[in-house]
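To start, the structure itself, in structure tokens.
Note that the numbering runs from 1 along the sequence shown for the chain. Atoms within each ligand, like the ligands themselves, are counted from 1 in listed order.
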Amino acid sequence: MTKLDQMLDTAASIVILGHVNPDGDCAGSCLAMYRYAKKRREAADVSVRLKNVPEKFSYLDGYDRIQDTVGDEVFDLCICLDCSDRERLGEFEVYLERAGASICVDHHVTNRGYAGENVVVPGASSTAEVLYGQLDKALIDRETAACLYTGIIHDTGVFRYSCTSAKTMEIAGKLMETGIDFTRIIDESFFRKTYLQSQILGRALMECIRFSEGQCIFTVVKSQDMEFYGVGPKDLDGIVDQLRTIDGVECAIFMYEMDTHVYKVSMRSNRVVDVSRIAAYFGGGGHVRAAGCTMSGSIHDVVNNLSGHIEKQLLAGSEND
Ligand code: AMP
Ligand code: MN
Ligand code: MN
């Protein structure tokens with residue numbers, strides 16, 4: 001029996017948490033955990049707390065049971081999923097502090113193990129993949145499988161990113177055997193864009209700028225652009241990935257203005273640059289090929305600061321060739 005199952009079996013009340021601005025892996029893993037915990041422990045009080053889960057994930061079983069409020073409850077067990085550090089739990093961090101026991105299941109290299117028990121597998125494609133390994137397969141039904149599959153396709157860009165392994169594919173195959181509607185999950189939650197999302201993507205691509213002999217590229221969406229198109233941060237998903245696939249690009253930077261002179265930065269790399277190191281240097285985190293952080297200053301300052309680190313790695317990389 002896994003540590004997670006042992007902890008589930010001895011808790012009367014359980015809270016499931018993820019990271020701020022939940023993505024597909026976070027939402028999928030949390031809802032898979034929710035359904036599994038309810039199935040395994042019918043008598044237990046199980047709760048999922050997440051804020052601003054995008055509506056495109058409303059097909060996931062349990063979506064309408066997600067609560068976004070913080071109260072004074074104390075849970076026996078707090079399960080943290082896809083969250084690299086405790087601050088990224090946002091306002092729900094208090095539940096971790098109060099809980100009798102806690103376990104974190106994650107795949108971020110920058111995770112230092114902030115919970116009581118930590119199951120962190122940096123090489124795994126997604127938290128959903130790590131979580132699958134912790135669950136009793138007999139209790140994974142079609143609904144739970146759809147949640148886990150969603151987590152995997154979102155963090156692998158539908159099996160395209162280098163984090164995808166043979167094991168990822170095997171797990172995806174097992175999940176497909178439960179009868180999930182995988183084409184619909186992929187199209188509706190990953191590829192579908194609204195008209196306005198497509199417009200802002202086009203605008204961001206039109207304005208992208210290359211540097212370091214075309215090996216790096218960046219684009220920025222200012223708050224006035226977001227207001228003009230009537231879009232929010234979640235509508236900007238996928239822009240950085242479009243930049244990454246441009247011919248000759250090793251490292252892509254996408255940033256949007258969160259506040260005056262405050263930018264949320266997303267970085268992606270293809271082969272050489274370890275973007276998690278750069279993000280961690282600026283107080284963020286993530287993975288070798290996909291990481292993020294928040295930075296202050298003018299656009300020029302932010303790009304300059306990042307490019308110094310990127311170029312250093314590019315230079316070291318070319319010396320190794
Ligand atoms: P993003 O660029 O926001 O899609 O994030 C890429 C990866 O980096 C994800 O796995 C995030 O969990 C992680 N990440 C993004 N921003 C931060 C941050 N401020 N702190 C820690 N990890 C982050
Ligand atoms: Mn995530
Ligand atoms: Mn993830």
What about H19 and F92, are their ring centers closer than 6.0 Å? no
Intermediate values then yes/no, side-chain contact (heavy atoms from CB on, under 4.5 Å), S162 and R271: CA-CA 9 Å; S162 59; R271 274 169 295 277; over 6 Å; no
Heavy-atom contacts with C293 under 4.0 Å: which atoms of ligand 1 show up? List them by number with element. 16 (N), 19 (N)
Any N/O/S atom from H154 (main chain or side chain) under 2.8 Å of the Mn ion (ligand 3)? no
Any N, O or S atom of D106 closer than 2.8 Å to the Mn ion (ligand 3): no
Where does the angle between the aromatic ring planes of Y281 and H309 fall among parallel (under 30°), tilted (30 to 60°) and perpendicular (over 60°)? tilted
Would a 4.5 Å heavy-atom cut-off, applied to side chains only, mark C216 and V249 as touching? no
Looking just at side-chain N and O atoms, do S84 and Y114 make a donor-acceptor pair shorter than 3.5 Å? no
Proximal ligand 1 atoms for A291, defined as those under 4.0 Å from one of its heavy atoms: 2 (O), 6 (C), 7 (C), 8 (O)
Using ring centroids (six-membered ring only for Trp), state whether F218 and F254 fall under 6.0 Å. no
Minimum-distance N/O/S atom that D25 presents toward the Mn ion (ligand 3): OD2
A student checking ligand 1 against S266 at a 4.0 Å heavy-atom cut-off should list atoms 1 (P), 2 (O), 3 (O)
Under the side-chain hydrogen bond (donor to acceptor under 3.5 Å, both in side chains) test against E93, which residue among R88, R98, R86 passes? R86
Does the N or O separation between T294 and ligand 1 drop below 3.5 Å for any pair? no
To the Mn ion (ligand 2), the closest N, O or S atom belonging to D23 is OD2
So that I can tick it off, tell me whether R35 and D141 are bridged by a salt bridge, with the cut-off set at under 4.0 angstrom between side-chain N and carboxylate O. yes
Heavy atom of K264, distance to ligand 1 below 4.0 Å: yes
The Mn ion (ligand 3) - name of the N/O/S atom of H107 that sits closest to it: NE2
Look only at interatomic distance and state if H287 has a nitrogen or oxygen under 3.5 Å from any nitrogen or oxygen of ligand 1. yes
Pi-cation contact, Y132 with K167 (under 6.0 Å, within 45°): no
Would you check if the Mn ion (ligand 2) lies under 2.8 Å from any N, O or S atom of H19? yes
Can you say whether the rings of H287 and H108 are parallel (under 30°), tilted (30 to 60°) or perpendicular (over 60°)? parallel
Report the C-alpha distance between V53 and D68 in whole Å, list the side-chain angles of each, state the deciding distance to 0.1 Å, and finish with yes or no for side-chain contact (heavy atoms from CB on, under 4.5 Å). CA-CA 9 Å; V53 181; D68 64 0; over 6 Å; no
Give the residue and atom name of whichever protein heavy atom lies nearest to atom 14 (N) of ligand 1, and the separation in Å to one decimal. G285 O, 3.4 Å
What N, O or S atom of D82 is found closest to the Mn ion (ligand 3)? OD1
Quick note on ligand 1: atoms under 4.0 Å from a heavy atom of A290 include exactly 6 (C), 7 (C), 8 (O)
Below 4.0 angstrom from a heavy atom of G286, which ligand 1 atoms are there? Numbered from 1 as shown, please. 8 (O), 13 (C), 22 (N)
Of the protein's non-hydrogen atoms, which lies at the shortest distance from atom 6 (C) of ligand 1, and what is that distance? R268 NH1, 3.7 Å
Closest protein heavy atom (residue, atom, distance) for atom 17 (C) of ligand 1: G292 O, 3.2 Å
Check: D225/Y256 side-chain N/O donor and acceptor closer than 3.5 Å: no
What's the atom name of the N, O or S in D155 nearest to the Mn ion (ligand 3)? OD2
Flag H108 as yes when one of its N or O atoms lies below 3.5 Å from any N or O atom of ligand 1, and as no otherwise. yes
